[in-house]
Every structure is written in C-alpha cells, then in structure tokens.
Protein chains: 2
Amino acid sequence: MADDSKPVYLRLREIISASILDGAFRDGDMLPSVRAFAAQQGANPLTVAKAYQSFQDDGLVTVKRGVGMFVADGATRRLRAMEKAHFLENVWPPVAAQMQRIGVSLSDLSNMQDA
Amino acid sequence: MADDSKPVYLRLREIISASILDGAFRDGDMLPSVRAFAAQQGANPLTVAKAYQSFQDDGLVTVKRGVGMFVADGATRRLRAMEKAHFLENVWPPVAAQMQRIGVSLSDLSNMQDA
DNA sequence: CCGGCTGTATTATGTCACTGAAGCAGTCAT
DNA sequence: ATGACTGCTTCAGTGACATAATACAGCCGG
C-alpha cells in the first residue's frame, strides 16, 4: 500500500480502490476514462486498462463499451467486504507477528493515534 | 512477511531477521553458511548471499572471509530498533489507513487475539 | 451519416529484478 | 602443501513490467 516499489498497475488499482471506499466514486458513477486517468497519473493507457481489468474481473465495475466504465451496483459494499477479508486473512497475521517480535503492542498504536 | 509473492532473497532476510529477534542467533553467533542455508531452504547460494549482504550493509553481521558470518555486537538490540522504526514509519501508517477504509478498529483486532 | 469519444486487441521493444551456474579468493586444520 | 570449508565475483538466462504505435469496435451528439 502506497509502496512505490510495487508495479504501477497495482498502485493504480489501489488508488481506485481507495477512491471508491472513500466515497469519491459511488455505485453507478462513471470512472475516469482509461486515457484520462493515464494522463492524470502519468502512466500508459494500457497500464490503466490493466488495472481496470482486475476490477471488472471481480464484477466491481460494469463496462459500457464506447461509453465508459461504471461502478457496479453494490460494488462499494462488496469491495469493502473483499478488502476486509483479505486484510484479516493475509495482511494482519504477519503484521501482528512482527509487532510481537519488535515489542509493539496494540495499546502503543492506539496511544499513537491520540497524538 | 511470509508472503510468498515476494522475492526469495527478501523472504530469506525475514527468516534470518526473525531468527535473530527470536533469539535463535545471538550476538557473536555464527550464522549458517551460505551453502548450508541455501540447501536447507532449497534456494540458490547466491540468493542467500544477497540476503546476507543486506545485513552486512547495515553492519548487523561481521564477515570473516573464509570463515563465516557472525552476528555483530549489539546487533540484536539494533535490529529490533531498526525494525521498530521501520514498522512505525513505513508499515503501520498505510495499514491504519486501510483499516479505516474497511471499517476495522484496533479493538476488533484485540478481540481477535483473545480468541 | 460523421466525427469524436469510449474501451479493446495486436505486436513489438526496452528495461530491470530475480535467479542461477561456474569459478575465484581467503582461512584454517592436517 | 593439500583439502575442505568459507564468502565473493562474473556472466548469463528468464520473466514480469511498462511503454509505444497502430488498428479495431461500440456509443452518441451534431
């Protein structure tokens, strides 16, 4: 996440995912066109298309060929559930293990957020 | 961490790092030889060497050419400090951001650990 | 219809990280 | 000196990733 060392198309995917979850794009909204988003992000249109591809594979966006790509109905909710499951199964366990090794507790982190 | 999608040499580095932090190797101990560790992990000796390289770049292991590699003095403490700083600066912020997006709180995670 | 927008497919090219194989070089016990 | 261990250097192969130019296919407002 926000890791510049990762492939561009994955970074783009995360940008879009975060935008949907944050409410910048809601169900039914049209996403930026492949060419427009590519220009905005300084990337290649094909790379953007590859990022969009993963979303339509999951049925999170519907494609109206010749018109644009739209956030599917219920996609926000489903995306949040998918990301949540992925987080709890694949992200959190190793993070928790690392925290134990380096001596960081959950209460340390909650105190951080207060600051 | 424990992510099979990451490069082998980084996975090896994490195995070694965890071993040191967990006390399997203490300051002054000799690490497994490049060839031995490679055979044990089913990796290429050069790949192991690349993992070890990152440790000597940080001064955490001292190299006695022709003899072996040894955990440097105070390396355990320094490694823990380095990993802790890296975690707080680079790992935790995006994780916290993602948690907020998907609706997972710290208390949810602490309840998980109880189970 | 037509021009301009949309996404998609094809092909080619360049770059770079990762991995691997073989051999060189230093240390030490014998 | 020899042999067995150590780490290290050099060369090469593979595949993923990103970019590019070009062309095609569907939609829509004029």
Side-chain angles (χ1 to χ4, degrees), chain A residues 1-17 19-20 24-73 75, chain B residues 1-17 19-20 24-25 27-73 75 90:
Chain A
M1 305 129 169
D3 192 325
D4 290 359
S5 68
K6 293 208 284 186
V8 173
Y9 79 100
L10 283 182
R11 257 178 14 230
L12 296 174
R13 191 191 194 282
E14 284 166 6
I15 293 175
I16 301 158
S17 174
S19 297
I20 293 178
F25 302 118
R26 299 177 181 279
D27 292 6
D29 285 358
M30 175 177 166
L31 293 170
S33 81
V34 167
R35 291 173 177 82
F37 194 56
Q40 173 191 334
Q41 295 291 333
N44 189 285
L46 267 71
T47 307
V48 175
K50 187 172 180 180
Y52 279 158
Q53 182 74 41
S54 66
F55 282 107
Q56 49 176 310
D57 288 345
D58 291 337
L60 293 172
V61 306
T62 57
V63 180
K64 294 186 185 175
R65 191 170 173 133
V67 181
M69 318 204 30
F70 299 83
V71 179
D73 208 50
Chain B
M1 306 117 172
D3 192 326
D4 290 358
S5 69
K6 293 208 285 187
V8 174
Y9 79 99
L10 282 183
R11 254 183 321 164
L12 295 175
R13 190 191 195 281
E14 285 163 8
I15 292 174
I16 301 157
S17 175
S19 297
I20 293 178
F25 302 118
D27 292 7
D29 286 357
M30 176 177 168
L31 293 169
S33 80
V34 168
R35 290 172 176 81
F37 194 56
Q40 174 190 336
Q41 296 291 332
N44 189 284
L46 193 69
T47 307
V48 175
K50 188 172 181 180
Y52 278 159
Q53 181 75 42
S54 66
F55 283 108
Q56 50 175 309
D57 288 346
D58 293 337
L60 294 172
V61 304
T62 57
V63 180
K64 294 185 185 176
R65 187 168 177 137
V67 181
M69 317 203 34
F70 299 83
V71 179
D73 208 50
N90 301 106

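Order of the sequence lines fixes the chain letters, A, B, ..., with proteins taken first and strands second; residue numbering starts at 1 for each chain. All values reported here derive from a predicted model rather than from experimental measurement.
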From CA spacing to verdict: side-chain contact (heavy atoms from CB on, under 4.5 Å), I15(A), F37(A): CA-CA 11 Å; I15(A) 293 175; F37(A) 194 56; 4.2 Å; yes
Side chain of [X] (C-beta onward), nearest among [options]:
| X | options | answer |
| --- | --- | --- |
| L46(A) | dT10(C), dA25(C), dT6(C) | dT10(C) |
| A43(A) | dT6(D), dG7(C), dT19(D) | dT19(D) |
| V8(B) | dC28(C), dC8(D), dT19(C) | dT19(C) |
| M30(A) | dT6(C), dT19(D), dG7(D) | dT6(C) |
| R35(A) | dT6(C), dA21(D), dC24(C) | dT6(C) |
| V34(A) | dT19(D), dG20(C), dG7(C) | dG7(C) |

Starting from [atom2] on [N], measure out to [atom1] on [X] and report it in whole angstrom.
| X | N | atom1 | atom2 | answer |
| --- | --- | --- | --- | --- |
| Q41(B) | dT19(C) | CD | P | 13 Å |
| N44(B) | dG7(D) | CG | C1' | 14 Å |
| R65(A) | dG7(C) | CZ | C1' | 6 Å |
| F55(A) | dT8(C) | CZ | P | 14 Å |
| K6(B) | dA17(C) | NZ | P | 17 Å |
| Y9(A) | dA16(D) | OH | P | 10 Å |
| R13(B) | dC18(C) | CZ | P | 13 Å |
| F70(A) | dC5(C) | CZ | P | 16 Å |

Distance in Å, E14(A) CD paired with L10(A) CG, rounded so as to fall on 0.5 Å steps: 6.5 Å
Short side-chain N/O contact to dC18(C) OP1/OP2 from K50(B), under 4.0 Å: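 Yes, because at least one side-chain N or O of K50(B) sits under 4.0 Å from OP1 or OP2 of dC18(C).
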Side-chain N,O (T47(B)) to OP1/OP2 (dC18(C)) below 4.0 Å: no
Over 12 non-hydrogen atoms of neighbours within 6.0 angstrom of CG in D58(B):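 Buried by this count: over 12 neighbours within 6.0 Å.
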More than 12 heavy atoms of other groups within 6.0 Å of D73(A) CG: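 Not buried by this count: 12 neighbours or fewer within 6.0 Å.
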Touch class at under 4.0 angstrom, heavy-atom based, for Q53(A) against every strand present: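 No contact.
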Sugar-phosphate, base or nothing in reach of Y52(A), heavy atoms under 4.0 Å: nothing
Ion pair D57(B)/R13(B), N-O distance below 4.0 Å: no
First encountered from the 5' end of DNA chain D, between G66(A) and Q56(B):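 So the residue in question is Q56(B).
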